[in-house]
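Here the structure is laid out as structure tokens; the discussion comes afterwards.
Please read these numbers as outputs of a predicted model, since none were measured by experiment. Chain A is the first sequence line, chain B the second, and so forth, proteins listed ahead of strands; every chain is numbered from 1.
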Amino acid sequence: MARPRRGEGQHLPGDRLPGLPAARLIAAPSHRPPPPHMSDPTPDRADLGAAEREIVRARLAKADALRALGVHPYGNGAAPRHLAAELVARYRDAPVEAIAADPGDWSIAGRVLALRSFGKAAFLQLEDRSGTLQVWIRRDRVGEAAFEIFRLVDVGDIVAAEGPATRTRAGELTLEALRFTVLTKAVRPLPEKWHGLADVEQRYRQRYLDLIATPGVKEVFRRRARLVSTLRRFLDDRGFLEVETPTLHKPEEAGGAAARPFQTHHNALDLDLKLRIATELHLKRLVVGGLDRVYEIGRIFRNEGIDRRHNPEFTSVEFYQAYATDRDLMALTEELLRTLAVEVTGGPVVTYQGQAIDLTPPYPRVSMLAEGARALGLSPEDALAGRGLAEAVARAAARENDAEGAWKLEQAARRSPGEILAVAFEIFGEPALPRDRPAFVVDFPVETSPLSRPRDADPRLVDRFELFVAGMEVANAFSELNDPADQRARFEAQVRARAAGDEEAMPYDEDFVRALEQGMPPTAGEGIGIDRLTMLLTDSPSIRDVILFPLLRTRA
RNA sequence: GGGCGCGUAGCUCAACUGGCAGAGCAAUGGACUCUUAAUCCAUAGGUUGAAGGUUCGAUUCCUUCCGCGCUCACCA
């Protein structure tokens with residue numbers, strides 16, 4: 001059994017490791033000679049301005065003063081017995097007299113977020129992983145020695161306090177310290193307490209400061225964790241097996257999506273490798289192998305631009321279900337989104353950037369074929385057959401006000417009917433999707449989907465859907481192509497496209513075709529962007545707000 | 001990569017048309033045993049992102065560079 005680490009898991013009052021005495025949170029001041037003063041590890045401090053250098057110097061001096069008092073400014077081995085939230089849960093709205101009848105002996109530790117001092121008494125706002133609690137320290141209650149230690153405390157330090165609960169005159173639940181010590185001395189100051197960190201760049205580069213100083217940031221990442229664990233439970237409950245496949249792909253394996261990969265290299269094998277752009281081809285190999293329901297939650301890398309909706313590395317879940325079709329996955333997706341919204345936000349209606357979005361099923365279906373053709377003034381049949389398509393695109397481009405849209409249409413005019421329809425839908429159809437609920441886009445042309453099974457009723461289309469929420473593509477799913485001959489032909493078309501300059505065309509993965517030749521059961525698969533789903537469920541405007549350490553340019 | 005915007009004390013922001021770089025918080029010293037952005041007195045803190053140019057004089061105007069944000073393209 002793994003040894004629990006302090007500060008992790010459910011630390012209950014009285015929890016101990018077997019056979020070990022409980023570490024005392026607050027040791028009596030030591031009478032041993034103070035440990036030697038540590039020199040400043042970065043004496044030049046070139047990254048600091050003069051004012052901050054002065055602050056650091058003063059705090060280092062306080063660390064030394066703590067040593068002189070027998071307190072190790074970076075001590076360890078002490079664990080608090082309680083959490084701030086446990087006091088709150090115990091007393092709730094109890095009046096002073098009720099608390100006084102059973103004040104308890106509480107033991108908490110955490111970071112000092114605010115300090116209001118009165119000379120011989122003070123209030124500290126302490127934050128631990130459960131929340132915040134006020135600690136009241138009074139010289140005549142805590143004692144002279146502990147009060148001397150307190151005098152060396154700065155905002156930002158990690159401290160420990162023990163004592164009874166009470167309620168102040170202002171009505172705030174408070175721990176009145178009978179014992180007090182410093183556990184960790186912070187030598188750098190925190191951001192300004194009222195405005196916090198407004199510099200977005202610094203928030204991303206120094207996420208630890210952001211987590212301390214910006215309200216709501218911790219909650220975003222708690223919600224993200226809850227989303228992932230709920231997703232995992234949802235799939236586990238339906239018989240899916242969680243697997244892990246390689247992130248390092250040989251050049252011929254790096255397919256499964258239209259994207260450019262990152263290049264890397266293995267030295268010992270002298271082998272050029274690429275970071276995966278999708279998990280699709282390996283997961284389908286596993287379906288061939290008899291793992292009929294598999295999923296992988298993992299990092300995907302795409303060598304593309306960065307904006308509000310894109311980070312070069314992001315987290316996807318892909319899952320594959322044998323003996324299912326895209327219709328089955330639509331139903332599953334609707335149920336999944338409703339479940340995630342309820343578990344993460346408390347209800348099926350979420351608000352994203354001021355827009356209420358109801359995730360209650362069912363979601364409307366919007367036909368890429370019908371809407372794309374309609375935008376071009378053609379019947380779906382004429383559009384698919386390419387009849388009058390070139391003229392229609394030229395007309396649409398001419399009346400398109402947006403120069404970029406017109407340019408895209410003109411570029412698309414040289415491509416296949418299916419690709420033209422997809423572009424027409426992107427320009428004219430996507431902006432018209434409903435805003436107050438998700439929508440499935442269906443009826444994709446086969447040319448846009450090199451891994452999808454052709455529709456039996458019309459092989460120019462595939463049984464595929466994309467789920468759009470709040471203008472973002474959140475999911476992409478289809479009935480999988482399991483005809484090896486067809487897959488071989490699709491790969492060959494991709495190779496031709498690449499030769500013609502399409503850098504995002506997939507390589508020919510011969511082993512994947514070989515796997516299909518062993519027979520893959522009829523299967524449907526889906527990929528969902530975890531980051532975008534998290535944006536939606538945390539009302540975050542940028543993908544960088546839901547990735548702890550988003551990629552930024554190196555500081556000059 | 002293109003367009004727009006931003007960069008001033010540790011943090012949040014001022015500084016009119018080019019004319020002595022300021023405030024609050026944080027910090028340091030002092031007063032204060034019920035505070036909630038505590039309060040009061042005092043002190044200290046600056047290569048105005050970098051380099052160059054125009055000017056008697058540049059935080060301010062110009063050029064280039066660096067970084068970030070928004071946006072467009074690429075993309076999920």
Any donor-acceptor pair under 3.5 Å linking the side chain of [X] with the backbone of [Y]?
X: A/Arg207; Y: A/Ile547; answer: yes
X: A/Glu148; Y: A/Leu69; answer: no
X: A/Arg260; Y: A/Glu503; answer: no

Describe the nucleic acid contact of [X] in one word from base, sugar-phosphate, nothing, applying a heavy-atom distance below 4.0 Å.
X: A/Ala257; value: nothing
X: A/Asn311; value: base
X: A/Arg260; value: nothing
X: A/Gly305; value: base
X: A/Arg59; value: nothing

Provide the Watson-Crick or G-U wobble partner of [N], both distances under 3.5 Å; none if there is no partner.
N: B/rC61; answer: B/rG53
N: B/rC4; answer: B/rG69
N: B/rA27; answer: B/rU43
N: B/rC16; answer: none
N: B/rA38; answer: none
N: B/rC32; answer: none

- Item | Gap between atom CD1 of A/Ile297 and atom CD of A/Glu318 - 0.5 Å precision | 11.5 Å
If you measure from the [atom1] atom in [N] to the same atom in [M], how many Å do you get, rounded?
N: B/rU39; M: B/rC65; atom1: C1'; value: 48 Å
N: B/rC16; M: B/rA42; atom1: C1'; value: 33 Å
N: B/rA44; M: B/rG30; atom1: C1'; value: 15 Å
N: B/rU17; M: B/rA31; atom1: P; value: 47 Å
N: B/rG3; M: B/rG45; atom1: C1'; value: 39 Å
N: B/rC70; M: B/rG46; atom1: C1'; value: 30 Å
N: B/rC20; M: B/rA15; atom1: P; value: 14 Å
N: B/rG22; M: B/rU43; atom1: P; value: 15 Å

- Item | Stepwise side chain to side chain donor-acceptor pair (under 3.5 Å) test for A/Asn476 and A/Glu526 | CA-CA 6 Å; A/Asn476 178 25; A/Glu526 176 164 345; over 6 Å; no
- Query: Any side-chain N or O of A/Lys62 less than 4.0 Å from the OP1 or OP2 oxygen of B/rA27?
  - Reply: no
When the distance from [atom1] of [X] to [atom2] of [N] is rounded to whole Å, what number comes out?
X: A/Arg188; N: B/rC11; atom1: CZ; atom2: C1'; value: 14 Å
X: A/Asp154; N: B/rG10; atom1: CG; atom2: C1'; value: 13 Å
X: A/Asp545; N: B/rC68; atom1: CG; atom2: P; value: 16 Å
X: A/Leu152; N: B/rG29; atom1: CG; atom2: P; value: 10 Å
X: A/Leu209; N: B/rA26; atom1: CG; atom2: C1'; value: 14 Å
X: A/Ile547; N: B/rA76; atom1: CD1; atom2: P; value: 16 Å
X: A/Asp157; N: B/rA26; atom1: CG; atom2: P; value: 15 Å
X: A/Leu113; N: B/rA26; atom1: CG; atom2: C1'; value: 14 Å

- Message: My understanding is that only residues two or more places apart in sequence, or in another chain, count here; which of them pass side-chain contact (heavy atoms from CB on, under 4.5 Å) with A/Leu248?
- Response: A/Thr264, A/Leu273, A/Leu275
- Message: Could you check whether atom CD of A/Glu244 has more than 12 heavy atoms from other residues, nucleotides or ligands sitting under 6.0 Å from it?
- Response: no
- Sorted by chain and residue number, the ring-ring contact (aromatic ring centres under 6.0 Å, His included) partners of A/Phe440 (sequence neighbours excluded) come out as A/Tyr363, A/Phe465
- Task: Determine, step by step, whether A/Arg464 and A/Ser452 satisfy the side chain to side chain donor-acceptor pair (under 3.5 Å) criterion, reporting the C-alpha distance in whole Å, the side-chain angles of both residues, the deciding distance to 0.1 Å, and the verdict.
- Result: CA-CA 7 Å; A/Arg464 171 180 174 185; A/Ser452 298; 5.2 Å; no
- Message: Taking atom types as they are modelled, would you say the side chain of A/Asp307 forms a donor-acceptor pair with the base of B/rC70 within the 3.5 Å cutoff?
- Response: no
- Note on the structure: For nucleotides 33-41 of chain B, 5' to 3', base contacts (B), sugar-phosphate-only contacts (S) and non-contacts (-) with protein non-hydrogen atoms under 4.0 Å give BBBBBB---
